[in-house]
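Take a look at the structure below.
Side-chain atoms are counted along with the backbone in the values below, which use heavy atoms only and exclude waters and symmetry mates. Owing to the predicted nature of the structure, the values given are computational and were not obtained by experimental measurement. Throughout, residue positions are numbered sequentially from 1 according to the sequence presented.
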Amino acid sequence: NYALKHAGVSRNDVKVKEIELDRDDGRLKYEIEFYTSNREYDYDIDAYTGQVLSMDYDIDGFDIPQSSGDIGMAKAKEIALKQVPGANQNHFTDTERERDDGRIKYEFEIIYNGYEYDIEIDGATGTVISFDKESVYD
């Protein structure tokens, strides 16, 4: 339930791929994989507290957009910061604009509040293609 709540989806909207109880560095955690119609989520949840230790998601089957436009670095940064409430421009540790398979993509790394966030954004549409969050202490 912690992972579903964090992802903002209901149990009826997902298909669970795997739930596994594992011990990592002496800590019991649940490794949970599930997917919705177009996203695959991976979570590590502390088995005792329910704290999200790490998570990521990818958009499955994302088609290259027909538009060859570019939202620009400033807009892409704005979108990335919306994924990390409380973070600001000073928390970016890496920003890249690159062309991948004929489309423009922005990649960001943000360090904030004990976590490292890796975010990829489609340059034509502003869609968050992938999102990864993990503790800087692991």
Side-chain angles (χ1 to χ4, degrees):
N1 284 339
Y2 289 106
L4 296 176
K5 184 176 180 182
H6 188 269
V9 296
S10 74
R11 178 64 183 100
N12 294 334
D13 296 336
V14 302
K15 292 191 185 340
V16 175
K17 188 173 179 182
E18 180 180 2
I19 299 176
E20 181 179 322
L21 183 62
D22 194 13
R23 185 173 297 278
D24 186 23
D25 295 329
R27 173 187 260 176
L28 269 178
K29 68 178 183 178
Y30 286 102
E31 296 176 355
I32 304 166
E33 293 181 45
F34 59 92
Y35 59 95
T36 62
S37 61
N38 70 338
R39 288 186 183 189
E40 182 176 322
Y41 293 86
D42 294 303
Y43 274 86
D44 287 346
I45 306 282
D46 184 289
Y48 295 108
T49 66
Q51 176 187 5
V52 175
L53 302 172
S54 69
M55 67 84 60
D56 68 68
Y57 71 80
D58 294 300
I59 296 179
D60 293 331
F62 184 73
D63 293 329
I64 295 172
Q66 299 300 318
S67 169
S68 60
D70 183 358
I71 63 172
M73 179 64 80
K75 180 67 175 173
K77 280 183 163 184
E78 181 183 314
I79 293 167
L81 286 174
K82 286 182 181 176
Q83 307 305 305
V84 186
N88 63 45
Q89 294 286 335
N90 297 327
H91 296 110
F92 284 102
T93 56
D94 189 25
T95 60
E96 293 183 30
R97 177 186 182 271
E98 64 180 43
R99 191 169 290 278
D100 184 25
D101 292 330
R103 74 176 189 240
I104 295 171
K105 178 171 74 170
Y106 291 92
E107 296 180 359
F108 300 106
E109 181 181 275
I110 298 172
I111 305 277
Y112 179 68
N113 206 18
Y115 289 95
E116 176 183 315
Y117 300 84
D118 293 304
I119 303 164
E120 291 183 16
I121 297 173
D122 178 74
T125 65
T127 301
V128 177
I129 301 168
S130 70
F131 177 90
D132 181 64
K133 171 187 175 184
E134 63 183 50
S135 173
V136 294
Y137 305 111
D138 286 343

So how far is it from [X] [atom1] to [Y] [atom2], rounded to the nearest 0.5 Å?
X	Y	atom1	atom2	value
Thr125	Ile104	OG1	CD1	11.5 Å
Asp42	Met55	CG	CE	9.0 Å
Tyr48	Leu28	OH	CG	4.0 Å
Phe34	Asp13	CZ	CG	10.5 Å
Asp122	Arg103	CG	CZ	5.5 Å

Heavy atoms only: give me the nearest [X]-[Y] pair and the separation to one decimal.
X	Y	value
Ala47	Leu21	CB-CD1, 4.0 Å
Ile32	Ala3	CD1-CB, 4.3 Å
Met73	Glu96	CE-C, 4.2 Å
Ile121	Ile119	CG1-CG2, 3.9 Å

Item to complete: Might you work through the side chain to side chain donor-acceptor pair (under 3.5 Å) test for Asp44 and Ser54, ending with a clear yes or no?
Response: CA-CA 5 Å; Asp44 287 346; Ser54 69; 3.2 Å; yes
Discussion item. Using the rule given for side-chain contact (heavy atoms from CB on, under 4.5 Å), can you reason through Ile110 versus Leu81, listing the C-alpha separation, both sets of side-chain angles and the distance that settles it, and then say yes or no?
Written reply: CA-CA 9 Å; Ile110 298 172; Leu81 286 174; 4.1 Å; yes
Worksheet item: Among all residues two or more places apart in sequence or in another chain, which pass the side-chain contact (heavy atoms from CB on, under 4.5 Å) test with Ala76?
Response: Ile71, Tyr106, Phe108
Worksheet item: Around atom CZ of Phe92, are there more than 12 heavy atoms of other residues, nucleotides or ligands at under 6.0 Å?
Response: yes
Practice prompt. Could you tell me whether Asp94 atom CG has more than 12 heavy atoms of other residues or ligands within 6.0 Å of it?
Written response: yes
Check whether any side-chain heavy atom of [X] sits under 4.5 Å from a side-chain heavy atom of [Y], and report yes or no.
X	Y	value
Val9	Arg39	no
Tyr117	Gln83	no
Glu134	Asp118	no
Val128	Tyr57	yes
Asn88	His91	yes
Glu109	Glu116	yes
Lys77	Thr95	yes

Worksheet item: Side-chain heavy atoms under 4.5 angstrom apart, residues restricted to Ile, Leu, Val, Met, Phe, Trp, Tyr: same cluster for Tyr41 and Leu53?
Response: no
Practice prompt. Output all residues satisfying salt bridge (Lys or Arg N to Asp or Glu O under 4.0 Å) with Asp24, sequence neighbours left out; order by chain, then residue number.
Written response: Lys29
Practice prompt. Start with the C-alpha distance between Val84 and Tyr115, add both sets of side-chain angles, then the distance that settles side-chain contact (heavy atoms from CB on, under 4.5 Å), and finish with yes or no.
Written response: CA-CA 10 Å; Val84 186; Tyr115 289 95; over 6 Å; no
Worksheet item: Which other residues end up in the same hydrophobic cluster as Val136, if Ile, Leu, Val, Met, Phe, Trp and Tyr are linked when side-chain heavy atoms come under 4.5 Å apart?
Response: Ile111, Tyr137
